[in-house]
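For reference, the structure discussed in these notes is given below.
Quick caveat, the model's predicted, so the values are computed rather than measured.
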Amino acid sequence: MAHAAGKQGPKIVSKSSAGGTGAAGAGGGPPIMPLASPLMGKKKKPFLGMPAPLGYVPGLGRGATGFTTRSDIGPARDANDPVDDRHAPPGKRTVGDQMKKNQDDDDEDLNDTNYDEFNGYAGSLFSSGPYEKDDEEADAIYAALDKRMDERRKERRELREKEEIEKYRMERPKIQQQFSDLKRKLSEVSEEEWLSIPEVGDARNKRQRNPRYEKLTPVPDSFFSKHLQTGENHTTVDPLQGLGGLNTPYPGSMTPGTGELDMRKIGQARNTLMDMRLSQVSDSVSGQTVVDPKGYLTDLNSMIPTHGGDISDIKKARLLLKSVRETNPHHPPAWIASARLEEVTGKLQVARNLIMKGTEMCPKSEDVWLEAARLQPGDTAKAVVAQAVRHLPGSVRIYIRAAELETDIRAKKRVLRKALENVSKSVRLWKTAVELEEPEDARIMLSRAVECCPTSVELWLALARLETYENARRVLNKARENIPTDRHIWITAAKLEEANSNTQMVEKIIDRAITSLRANGVEINREQWIQVCSCVRRVSCGCCVAHGALECARAIYAHALQVFPSKKSVWLRAAYFEKNNGTRESLEALLQRAVAHCPKAEVLWLMGAKSKWLAEDVPAARSILALAFQANPNSEEIWLAAVKLESENNEYERARRLLAKARSSAPTARVFMKSVKLEWVLGNIEAAQELCTEALKHYEDFPKLWMMRGQIEEQCENMDKAREAYNQGLKKCPHSSGLWLLLSRLEERVGTADQSQSNPGKGPTQESPGLESVRLEFRAGLKNIANTLMAKALQECPNSGILWAEAVFLEARPQRKTKSVDALKKCEHDPHVLLAVAKYASLFSLKHLAREWFLRTVKIEPDLGDAWALFYKFELQHGTEEQQEEVRKRCENAEPRHGELWCAESKHVLNWQKKTGEILAEVASKIKNTF
């Protein structure tokens, strides 16, 4: 506009002239020259014609507003249109997302509710600005200041928080704290008040206490017969029926649904249904489910594919193995791993193809050929092994695999003999080939084997066992020449001489063996000697008639004792050997030497004294114990052994003096217990009670003293004092299961069944209290509750043999066999389970089988007196006098000390002087006639 005004400046004229000009112009007259103007001589502005400065808006200074056109902002775009950036992150890929993001960044939450007087606004007012290095340094300084100020205020803050928590607890205490004063007052409750507390009743309403079970009434047969004769209801129109009615069928047609009633089939169907329901609950026990969880999971595992990994993992493994094969095709483990991966995933043919390709790439790899033979079927595997033999004619494993693939014995022998032609130095091939031959052929083959493998001890000893006495001696001599450093050859030679009644040569051979082994630099330590002696002792005890290696074992023990004269374990093993296989004189001579070398070994002194006592030489036993006192002063074991010796020989005053001296010089809980026991069995009840009270002052945490105190009160029929003794003992020894059982049985005898039922469950272990709870309910006639408790006990102690043994006889007679099998699976070598199986077999008159199980039980645990008593009872009813006498003698030699029935008789005060045989007869006589 200014520019236009500038161009029109020279044409400005006055009004009069303008009017005239217009008139003249209009009239067509000549033009009139304008007058001179003062603007004609003014200079042009320098900014005219130049571009506008940056940010200049025309008319903005005088209040004029510009307008924006489409060319300024671009074309209009929808919020869902994609942005121009093809690689925008999620959340910024549309126009609307970016607009929303920019709006969120620009808008600050400046509301009054977000303002704090000290900290200001919760958000940063400058979050949209750039974060520079000086900002980072400032933040670090402020963080350091905050940390230091926090440390300065830490103690004061923690103290304030603690006070606030205490104040809060005082205002709102826990329920446990609210009743703490009442719980402390429970210690003041007497026994009578505690027993007078009523049992908690059932607080449920009547409907919950008596739920209405679904009642099923069997349908009588007349119901079926009536409805079969009346016919069926039709829902469709029969075309044979007339139009006049729908209920009457066409005349002459048979009434539908009529026919004869087969009562037999109905009965069979009802029995089948009943059998199905019974089979579902036949194995159910309260607390258990009829579904075996382990078996159920096993069935589920069988439905899962054989590979347990993810598909992506298998693909990744397949890709990695392929890369390994391509990178190093002559690497055998890569081919084997690839084949096994395909085998695991179920692609057996692909695995076979891969491993066969591996045999082409690695023809000298033994493992690849063996893997190929494993993956291929029968005849193809033989062809693969034959091909492997051509590439590896000296591989022993391939020959062994070839022999395993053959099913005929002759073919196996042919393969092994072919292998021995190529690999004659292999001991494994010789042993495998010899095992397939008859004794005569094996002897010939072993003769050739020791020539090819002269350093194999096993081949030499096998050949010596197959030869005669003279030839065996020659073979062993050759073996010693070829292998002078092996001790087994010398021991075999000594056994050979002893087996052929040449006992004089045994000691000479052992001496020569020691000399030769030392000359060849062989040192045998104590562990090796003990191992050798134990091996010989097992052979001599197990099959003495067949091998007769007693003298050989005795000679080895003698030399071992010369080498290690101060080792107690060697003397003990030698003493046990003499006790089991020697005479009393040889045992006593050995024990005299033993205590001379090991005077601090109490068990050796006690073994010598017991041997003299069993021989009824009481003065000699006293002298041995006197020497033991000198070597081991204040020894508890020797004191108690001396007391037992005197009491067994009716020297009660001597026993009392010994116990009094022991209580003063070596006071222990066992010494006091034996003192109480001696007075108790002799009938001095008051003295026993005084000693028990004195003992409990020093050893109140010894549960057996509390048991004896309660039993003495029970014997005197002071049930209240007995209960008090048991309860006091449980306060001091809460983990004693024996005290819990005695208290439970006392309550049962007195008649407080509720207390007796609640006591066993409080024990430390669930085995013995759980068993007692089951028996208590069973004696009360509550078999269902007993089964529930048994199921719970087996869940808590699944490997308890005594619980499984009890569970067998809790079942009904038809289910006992299944329960016995389950018990044997869980506790195969438990004596209680074996004893339960023996009792079960005897119930069905399986005499031979029951005897085998009894023998197995007493062999595994000879210290279980109940097993000997039941075995003896069984022989009394079904065995001969010789068998009965054999069981009695074996029991006397074993001297059992454990077992519920056994301890009930052996520890009774009236039977304290009875021998093992007498207790055996007493226990057997009290066993019910279950056989």
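Heavy atoms only, all atoms of each residue included: Asp863 and Glu895 are closest at OD1-O, 3.8 Å. Here the closest heavy-atom approach between residue Ser820 and residue Val837 is recorded as CB-CG2, 4.4 Å.
Residue pairs meeting the salt bridge (Lys or Arg N to Asp or Glu O under 4.0 Å) criterion with at least one member in residues 176-186, sequence neighbours excluded, do not occur.
Heavy-atom neighbours of Lys732 NZ from other residues, nucleotides or ligands within 6.0 Å: at or below the threshold of 12.
Ion pairing between a basic and an acidic side chain is recognised when a charged N comes within 4.0 Å of a carboxylate O; Lys674 and Glu679 show no such pairing. Classification of Glu747 and Arg723 as a salt-bridged pair holds, one side-chain N sitting under 4.0 Å from a carboxylate O.
Under 3.5 Å, the side chains of Tyr726 and Glu714 contain a donor-acceptor pair of N or O atoms. A donor-acceptor pair shorter than 3.5 Å can be found between the side chains of Glu852 and His848.
Seen from the ring of Tyr840, Lys817 does not count as a face-on cation partner, given the 6.0 Å and 45° thresholds.
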Candidate pair Ser675 and Arg663, rule side chain to side chain donor-acceptor pair (under 3.5 Å), full reasoning: CA-CA 9 Å; Ser675 302; Arg663 290 196 301 271; 2.9 Å; yes
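Expressed to the nearest 0.5 Å, how far OG1 of Thr668 lies from CD of Glu637 amounts to 9.0 Å. Rounding to the nearest 0.5 Å places OG of Ser773 at 11.5 Å from CD1 of Ile785. One finds the CD atom of Glu886 at 9.0 Å from the NZ atom of Lys889 (value rounded to the nearest 0.5 Å). A distance of 12.0 Å separates CG in Leu803 from CD in Gln795, rounded to the nearest 0.5 Å. In this structure, CZ in Phe672 is found 12.5 Å from CE in Met708, a value given to the nearest 0.5 Å. Note that CD of Glu806 is 10.5 Å distant from OG of Ser800, once rounded to the nearest 0.5 Å.
Considering only heavy atoms from C-beta on, Gln711 stays 4.5 Å or farther from Gln715 through its side chain.
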